[in-house]
Amino acid sequence: MALEREDVHTIAHLARLAIEDEDVPAYAENLSNILALVEQMSAVDTRGVEPMAHPLAMVQRLREDEVTEENQREHFQQHAPAVENGLYLVPKVIE
Amino acid sequence: MHTKTLAELSAGLAAGEFTSVELTEHFLARIRQYDGELNSFITVSEEQALEQARAADVRRGAGKAGPLTGIPLAHKDIFCTDGVRTSCASKMLDPFIAPYDATVVARLGEAGMVMLGKTNMDEFAMGSSNETSYYGPVKNPWDTQSVPGGSSGGSAASVAARLAPAATGTDTGGSIRQPAALCGITGLKPTYGRVSRYGMIAFASSLDQAGPMAASAEDCALLLNAMAGFDGRDSTSAEREVPDYHAALGGDIQGLRIGLPKEYFGEGLDPQVAAAVQAAITEYKKLGAELVEISLPNTHLAVPTYYVVAPAECSSNLSRMDGVRFGYRCEDPKDLEDLYKRSRGEGFGPEVKRRIMVGAYALSSGYYDAYYLKAQQIRQLISRDFIEAFKQVDVILGPTTPTPAFRLGEKKDDPVAMYLADIYTIAVNLAGLPGMSLPCGFADKLPVGLQLIGNYFDEARLLNVAHQYQLATDWHRHLPDGF
């Protein structure tokens with residue numbers, strides 16, 4: 001299916017991606033080509049076929065509910081763009 | 001020293017012919033000399049490498065060396081390394097220094113291997129040519145006007161030019177096997193779950209798998225011995241015994257049943273690639289194998305299915321790259337949404353953005369059944385093809401790629417043409433099977449890769465089958481001129 005410029009804006013918003021206006025036509029074309037490729041799937045009869053989410057038929061492993069990790073907050077936060085008193089700083093959310 | 005295999009380097013270190021420090025300095029010098037042209041490394045960690053090499057020599061002196069102790073290697077820049085930048089070839093993670101080691105990095109480190117640095121790759125492993133890297137494309141050592149393949153292109157090129165004796169890679173749709181084929185080296189993608197994904201930056205979590213890239217199947221076996229095994233920190237890690245892959249190399253392949261899928265030898269296959277693969281088939285016949293024609297009827301659906309499953313998973317995995325806790329943040333965000341959108345818009349390159357958007361679209365309300373659910377059902381059909389085939393044969397053989405290395409820039413602006421370059425490798429990831437590529441000849445002076453696909457957890461047999469071919473042929477011994 002061919003995507004319009006409007007569709008590109010909508011999808012980019014869903015994915016929280018800023019896209020330059022001048023790049024929108026190229027994205028519309030490339031994404032439409034990708035969706036046309038994917039469209040080949042629709043010709044296949046998949047009635048009754050169990051969807052496969054994972055390559056190995058395995059059950060999610062569970063572990064005892066015990067503390068296994070130490071607190072390493074400072075170590076992990078040293079590469080954050082902005083922190084203060086152990087908190088990540090972002091622009092004001094509530095006026 | 002750089003023309004030796006890992007097995008030969010291991011023997012040389014054990015015999016005291018050279019030390020790990022000498023070996024490491026030799027490879028670091030080669031990187032300085034040649035990598036300006038190839039661009040196969042993003043980061044060279046010279047100081048740490050020499051420190052690790054000194055420690056390896058001390059360990060050897062104390063009589064505690066293993067087969068890999070003191071041998072240098074390069075890690076794909078997708079593996080987190082404590083203290084050394086992990087960029088995933090993205091502007092988004094350009095400043096990122098991981099606070100911990102990936103399990104693969106830790107295990108190879110415990111084996112005593114020396115990390116030379118981090119190799120270039122397609123951004124977030126999304127690409128088949130290494131042209132989507134924020135740090136520029138990698139050149140193919142066999143022809144510097146051609147691509148090395150991707151996404152583990154830097155790992156493949158560095159091993160092919162012997163700037164490193166071995167490297168790690170990851171394979172989501174062919175990212176170990178395709179660059180191994182295009183650069184004339186040997187690479188193995190293990191069964192999903194065989195090698196831990198902990199600390200390996202996620203692209204598509206149900207497909208991603210790490211594996212070794214080296215000069216030979218024997219070298220891959222030595223590396224896999226150290227890499228494979230259960231890891232409680234990876235929720236999909238397989239709880240299974242790890243066989244000694246090196247010990248299994250010598251097995252006789254008389255009577256081995258090799259399946260030749262007719263769909264892998266049809267339209268679109270370059271005649272010179274076909275001829276090289278045919279010659280390998282003849283060689284296997286001489287070694288006593290039995291050739292069986294098989295069919296994998298849903299092969300043509302693998303690329304379309306993958307380009308729903310992989311983007312859907314990537315759009316979810318990459319949502320953590322939001323400019324808040326680590327990585328790139330845009331200048332002067334006016335509110336939180338602006339911070340998310342511009343950090344991501346400026347931090348990701350075009351191919352990553354395309355895949356995130358395809359994924360977001362496929363998962364969006366009203367389209368889920370038509371795309372994501374449908375793709376999961378077809379994934380089941382593709383897997384069943386292999387399960388049926390493995391009732392008749394022991395391994396499956398075919399070309400790794402339809403053509404040898406293509407020219408830099410040739411497919412850069414046509415994503416669909418690029419995606420189709422992975423037509424023979426992608427189904428293996430969808431099914432979760434192990435697969436490998438090994439050199440089997442040349443097409444216009446460019447290497448051709450032979451693909452072997454095994455049944456679940458049958459890496460030992462794959463490596464054995466590849467090793468027997470490499471004992472009888474010398475394609476894996478050819479080196480590019482000028483390095």
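Numbered from 1 within each chain, the chains take letters A, B, ... in sequence-line order.
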Given the options B:Tyr192, B:Tyr328, B:Tyr340, B:Tyr100, which has more heavy-atom pairs under 4.5 Å with chain A than any of the others?
B:Tyr192
B:Leu373, B:Asp338, B:Thr236, B:Leu207: which one forms the most heavy-atom pairs within less than 4.5 Å of chain A?
B:Thr236
Can you tell me which portion of A:Leu37 sits under 4.5 Å from chain B's heavy atoms? Options are side chain, backbone, both or neither.
both
A:Glu50 versus chain B, heavy atoms under 4.5 Å apart: side chain, backbone, both or neither?
both
What's the shortest heavy-atom distance between A:Met41 and B:Pro304, and which atoms?
CG-CB, 4.1 Å
Return the [atom1] to [atom2] distance between [X] and [Y], rounded to the nearest 0.5 Å.
X	Y	atom1	atom2	value
B:Gln377	A:Arg47	CD	CZ	11.0 Å
A:Leu35	B:Tyr371	CG	OH	4.5 Å
A:Asp7	B:Tyr361	CG	OH	6.5 Å

For A:Ser42 and B:Lys374, does a side-chain donor sit closer than 3.5 Å to a side-chain acceptor?
no
Within the 4.5 Å heavy-atom criterion, are B:Tyr419 and A:Asn33 side-chain neighbours or not?
no
A:Arg61 side chain to B:Asp234 backbone, donor-acceptor under 3.5 Å
yes
Taking A:Ala15's backbone N and O only, do any of them form a donor-acceptor pair with B:Arg344's side chain (distance below 3.5 Å, no angle check)?
yes
